[in-house]
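Every chain is numbered from 1, with letters handed out A, B, ... down the list of sequences. All heavy atoms count here, side chains included; hydrogens, waters and symmetry mates do not.
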Number of protein chains: 2
Amino acid sequence: MKTIGFDSHNHDACISDALGMATDICAQQKLQFTPVRRRVLEILLHEHRAMGAYDILEVLSSEGLGSQPPVVYRALDFLVKHGLAHRIEGLNAYTACAHLDHEHVPAFLICRTCKAVAETDTGIAQGRLGQAAASAGFTIEKVVVEAEGLCPNCTGAAA
Amino acid sequence: MKTIGFDSHNHDACISDALGMATDICAQQKLQFTPVRRRVLEILLHEHRAMGAYDILEVLSSEGLGSQPPVVYRALDFLVKHGLAHRIEGLNAYTACAHLDHEHVPAFLICRTCKAVAETDTGIAQGRLGQAAASAGFTIEKVVVEAEGLCPNCTGAAA
DNA sequence: AACCGTGATGTTATAACATATCAATACGTG
DNA sequence: CACGTATTGATATGTTATAACATCACGGTT
């Protein structure tokens, strides 16, 4: 499992790879990867950061792709529903999925200073939470794991 | 570790125990457990459920304890800051702490039907997330673990 | 081609959640 | 009682999200 996010990398390739993979996924599942949806994912991919819906809307709006909240929320719903993006509950914000190539239970490391988001994986449902749920008779459908703190870049910079 | 929440129990005693413990904690730390703060905790304790700030405010307001959002948000900030209550990120809601007697990293089982919340514990920072953080050079300050699903009562009722 | 169903978009309004600011009041301590 | 600090009161505003309804675009059917 690779934890993507804080390392530097060829970001243009990273974006176009992800966009290509998303295109394939939509084609396979007969989903419509419309201009707005594609553009929203692109905007999210452009930074490994969490963005608020209204931040995204601002960009869309400046490009004539839609100017009202429902436009961006519908696109985000689509992306999240189909696993192309994730919602960061702790920030009420959204980020592109960094692991499009396989099923996963995402876990996030979120820098409180620069809002950079790294996505990793967790076997949480098999761990103590899973045990607790089982013994309580609770059926887990979805798990949110988010860690807030300082990313390597901001740790040095002494926030 | 006991997972409190879905079992039936002597709830009056449960409330007064928690309230008493909260009183002690505030006394020890020289915190002012004012009427609004106490009442908000009481309201949260009354149900092992997540409540929105405005739900709580409605109750307060009907009792003449304050009618504007800052009243309830200040009380909630106080309770959360001192560990007497927790914020449920996935619901933008709040719940009383069920483990006042010891330090813990809370994890929640949240029923999507009835909003009941069970609080348990997790060693998440020592698990895969901790490893991922360490290898990424990330400093974890706070962890959110929330599982959504169906509680035992609602599983049978077939939502 | 005309029709119809379905999914996506456009648009307006509003719901729900949260905070900034500043004035007024209470509280413990010297 | 005077002082500083913590809390409360009050008004306004900021931020995030959805309801509701109209319209458009496309594919299949007659």
Quick check: do [X] and [Y] have side-chain heavy atoms less than 4.5 Å from each other?
{"X": "B/Leu31", "Y": "B/Phe78", "answer": "yes"}
{"X": "B/Val117", "Y": "B/Leu109", "answer": "no"}
{"X": "A/Val143", "Y": "B/Glu146", "answer": "no"}

A/Arg38 to A/Phe33 six-membered ring, cation-pi geometry met (6.0 Å, 45°):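 Pair A/Arg38/A/Phe33 does not count as cation-pi.
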
Can you confirm whether the side chains of B/Glu47 and B/His11 place a donor and an acceptor under 3.5 Å from each other?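 B/Glu47 vs B/His11: no donor-acceptor pair found between side chains.
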
Quickly, which of A/Ile43, A/Val80, A/Ile88 forms a side-chain contact (heavy atoms from CB on, under 4.5 Å) with A/Tyr94? Name it, please.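 Only match with A/Tyr94 under side-chain contact (heavy atoms from CB on, under 4.5 Å): A/Val80.
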
Bounded by its outermost nucleotides with an atom under 4.0 Å from a heavy atom of chain A, the footprint on DNA chain C reads C/dG7 to C/dT12

Given the rule in the side chain to side chain contact (heavy atoms under 4.5 Å, CB included) test, do B/Val40 and B/Leu79 qualify, once you have shown the distances and angles that lead to the verdict? CA-CA 9 Å; B/Val40 169; B/Leu79 295 173; 3.6 Å; yes

Just do the side chain to side chain donor-acceptor pair (under 3.5 Å) check on A/Gln29 and A/His82 with the steps written out, would you? CA-CA 10 Å; A/Gln29 302 184 28; A/His82 296 102; 5.1 Å; no

If you apply the rule side chain to side chain contact (heavy atoms under 4.5 Å, CB included), what do you find for A/Met21 with A/Asp101, and how did you get there? CA-CA 8 Å; A/Met21 234 181 303; A/Asp101 54 333; 4.0 Å; yes

Within residues 82-97 of chain A, the residues having a heavy atom closer than 4.0 Å to DNA chain D are A/Arg87, A/Asn92, A/Tyr94

Taking only N/O atoms, report every protein-nucleotides 2-9 of chain D pair under 3.5 Å with atom names and distance.
| from | atom 1 | to | atom 2 | distance (Å) |
| --- | --- | --- | --- | --- |
| D/dT7 | OP1 | B/Arg37 | NH1 | 2.8 |
| D/dT7 | OP1 | B/Arg37 | NH2 | 3.3 |
| D/dT7 | O5' | B/Arg37 | NH2 | 3.2 |
| D/dT8 | OP1 | B/Thr34 | OG1 | 2.7 |
| D/dG9 | N7 | B/Arg74 | NH2 | 2.7 |
| D/dG9 | O6 | B/Arg74 | NH1 | 3.2 |

Do A/Phe108 and A/Leu44 sit in one hydrophobic cluster, given that two such residues count as connected whenever their side-chain heavy atoms are within less than 4.5 Å of each other, even indirectly? no

